Amino acid sequence: MTLILIVAAFVAGGGAACVGSARARKGQRITWYVWLLAALGLVSVLLGCDTLIGSLAEEEAKAAYMGFGLFAIIGLLLGAVAWRLDAASLKKTQRSALAKSA
Amino acid sequence: MSRSAGKPHAGSREPVSRRKFLASAGVGAAAVVGGSLMSNTRRSFAAVAEGSHTYRERSHKYPWWVQTMDQPTVEIDLARAEQPNPALNINAGWRFPAGTKPEERVFAPVGGPGIFGVDKAREMLLQRDAAGAENIRKGVPGCTLADYALRDAAAMHMHASYEKMPVDYSDFMAYVQTPEQRGVAKWTGTPEDAADMVEAAGVFLGADQVGFSAYDPIYMFRGADAKIPPTFKYVITLAVRASSETIKRAPSALGDAGERAAYSRCFTAARSLEAFIKALGYHTTSVPGEWVPLAMMAGIGEVGRTGRIVSPIYGADVRLWCMLTDLPVALDKPIDFGLQAFCRACKKCGTVCPNGAINMADDPSWDPVCVTNVPGKRVWFEDAPKCAQWTMVNDLYCSACHAACPWTKHDVAAIHGIIRATGAKAPDLARLLVALDDTFGYGLKPEAERGEWWKLDLPAFGIDTMQGKS
């Protein structure tokens with residue numbers, strides 16, 4: 001299980017690095033707090049998966065489903081906040097770029 | 001951030017920006033983590049000589065939130081302390097081989113029969129005889145014939161130890177060769193080497209935790225200390241945890257099976273370790289006295305509200321065996337993982353106790369509550385006769401308090417590590433953690449789920465032997 005979560009974390013980290021470099025090439029910087037919120041969201045989702053698999057192995061089904069639900073929701077909310085903040089920041093950057101070019 | 005609700009901020013401070021706030025929060029979190037790590041260095045003492053003993057470094061044994069202390073977390077007042085009275089061992093004097101007729105039961109006025117009175121004890125045993133059969137006939141969940149059969153099977157080696165019947169293990173010990181019989185010199189090495197070696201052997205032979213403390217006559221039964229040879233300066237404590245899946249079905253015969261199996265494993269591990277030490281050329285004998293304080297001094301755990309050891313790894317679900325030895329071993333020190341403050345707020349063990357035997361006072365006390373309590377320590381004294389009476393008349397050994405303790409957990413899910421660290425470092429959150437524990441369904445299983453145990457795919461002995469090892 002630990003291995004699966006490590007692989008998932010690496011895949012997500014690799015995906016994030018690709019997104020970051022692609023955005024950097026376009027001159028669109030992702031702010032540090034967006035990275036932080038996205039990382040916390042990812043950790044929360046992974047913790048939810050760990051709780052689900054681990055607690056089922058411990059024969060604690062109620063804890064498994066409640067834990068998964070709780071951490072997954074927190075993780076998704078953090079991810080959504082990060083996405084919205086990033087979108088707002090991107091919009092702002094594009095507007096200022098347009099204003100400069102005009 | 002410091003603004004009072006409903007009042008405009010009157011100071012000249014500028015509003016805190018989102019960036020500044022997140023940066024401050026990050027620094028704060030780093031400080032908490034850093035502080036915790038720094039406090040952990042307090043336990044980094046290596047082989048400190050104290051009196052005639054050597055103390056060992058065992059930082060690798062526990063997570064970072066467990067600290068080694070010079071003094072135990074239970075306050076001890078030697079001026080008030082007394083040696084325990086063997087005649088007040090409430091668990092002694094009750095058991096007879098199966099099939100013994102009631103009129104053939106000869107009670108001595110010591111142990112349980114001495115405390116309750118012989119007539120009352122006789123009556124309680126008759127109630128027990130009837131209760132077991134009644135539980136089976138009624139089909140009480142966890143109390144079927146199969147459950148009782150499993151319990152009695154699990155208890156076999158335990159009976160051979162605690163009741164000294166029917167097997168005398170000296171027969172087996174006779175086959176263990178001493179170095180003298182082999183014609184070689186006995187084992188020699190440093191106390192640290194001896195401690196590490198005995199710990200490795202103890203775990204291999206069935207113990208989950210092994211700790212070492214110094215012989216102290218105050219923990220020996222009255223009169224017993226005079227018979228202990230002066231070379232027996234060291235105490236080895238073995239802790240064996242019960243099968244959580246089984247004991248969560250307490251109070252029932254099925255729950256008892258988990259508890260009795262742990263005692264049996266504890267006994268076989270202890271006897272095997274005694275054989276190991278004999279084969280090295282040294283001697284051992286079981287400690288004739290109180291084992292809980294010796295386990296506390298050996299850093300196996302802290303003494304909790306239950307009046308028993310709570311291990312930071314296995315929780316309250318551990319059984320003990322203490323033996324004296326003349327093999328010089330490096331000693332361990334007591335530990336602190338915030339249990340005293342946690343138990344003060346938690347009280348979950350007392351809530352599940354079927355006979356109100358667990359002390360529910362907020363704070364521990366110096367004052368014993370019953371004749372079996374040994375004074376001289378500030379603890380939550382247990383009303384042991386209440387516990388013994390319930391278990392006896394119901395033909396069940398209970399252990400619900402051990403199973404319900406929030407520290408009694410597996411470690412497969414990583415969240416337990418986070419919760420344990422929070423409980424240890426922020427015991428003020430104990431009530432919240434206990435509420436979460438209940439909400440998530442931890443603790444005793446409902447009666448309706450007891451029978452499902454027979455369909456679980458459990459490992460050997462019903463335990464995860466890798467717990468606490470990763």
Side-chain angles (χ1 to χ4, degrees), chain A residues 1-9 29-75 77-79 81-89 92-93, chain B residues 17-27 29-30 243-249 258 314-315 317 403 406 408-419 422 433 435-446 448-450 452-459 462-464 466-467 469-470:
Chain A
M1 185 180 64
T2 311
L3 184 65
I4 294 169
L5 293 174
I6 290 170
V7 169
R29 214 171 129 261
I30 300 175
T31 54
W32 67 269
Y33 52 82
V34 167
W35 281 119
L36 179 68
L37 287 171
L40 289 174
L42 175 67
V43 168
S44 188
V45 169
L46 290 177
L47 189 58
C49 295
D50 179 87
T51 304
L52 176 70
I53 301 165
S55 296
L56 285 176
E58 293 173 357
E59 305 288 352
E60 295 286 358
K62 188 178 177 186
Y65 299 128
M66 285 189 72
F68 176 69
L70 180 72
F71 290 118
I73 287 170
I74 291 172
L77 281 175
L78 286 170
V81 170
W83 174 56
R84 292 308 305 151
L85 286 173
D86 186 49
S89 158
K92 201 174 158 189
T93 315
Chain B
S17 69
R18 183 175 57 199
R19 179 184 289 257
K20 273 187 181 171
F21 168 66
L22 288 172
S24 308
V27 170
S243 161
S244 294
E245 298 323 316
T246 318
I247 211 159
K248 267 186 246 171
R249 271 78 183 170
Y314 306 113
D317 224 356
T408 305
K409 290 279 186 300
H410 292 284
D411 65 357
V412 183
I415 189 67
H416 299 314
I418 298 169
I419 297 291
T422 309
L433 297 179
L436 286 172
D437 202 67
D438 293 334
T439 308
F440 278 64
Y442 289 110
L444 298 179
K445 291 285 177 195
E449 291 179 25
R450 284 180 188 160
E452 289 171 11
W453 181 90
W454 290 92
K455 293 187 172 55
L456 297 177
D457 186 19
L458 296 178
I463 54 167
D464 170 12
M466 287 308 291
Q467 183 169 351
K469 304 295 177 196
S470 53

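Because the structure is a prediction, the values reported are computed rather than measured. Convention: sequence-line order gives letters A, B, ...; per-chain numbering from 1.
- Only the side chain of I418(B) comes within contact range of chain A, with at least one heavy atom under 4.5 Å from a heavy atom of that chain.
- Within the 4.5 Å cutoff, the side chain of L85(A) has heavy atoms near those of the Y33(A) side chain.
- Heavy atoms of S244(B) lying under 4.5 Å from chain A are absent altogether.
- Heavy atoms closer than 4.5 Å to chain A are found in the side chain of K248(B), but not in its backbone.
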side-chain contact (heavy atoms from CB on, under 4.5 Å) assessment of T246(B) paired with W453(B)
CA-CA 7 Å; T246(B) 318; W453(B) 181 90; 3.1 Å; yes

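- Using modelled atom types and a 3.5 Å distance limit, the side chains of E60(A) and H410(B) yield no donor-acceptor pair.
- Y65(A) does not touch chain B: none of its heavy atoms, backbone or side chain, sits under 4.5 Å away.
- L70(A) touches chain B through its side chain: at least one heavy atom from C-beta onward sits under 4.5 Å away, while N, CA, C and O do not.
- With Y442(B) as the aromatic partner, K409(B) meets the cation-pi criteria of under 6.0 angstrom to the ring centre and within 45 degrees of the ring axis.
- Between K469(B) and D464(B) there is no salt bridge, since none of the side-chain N atoms of the basic residue sits less than 4.0 Å from a carboxylate O of the acidic one.
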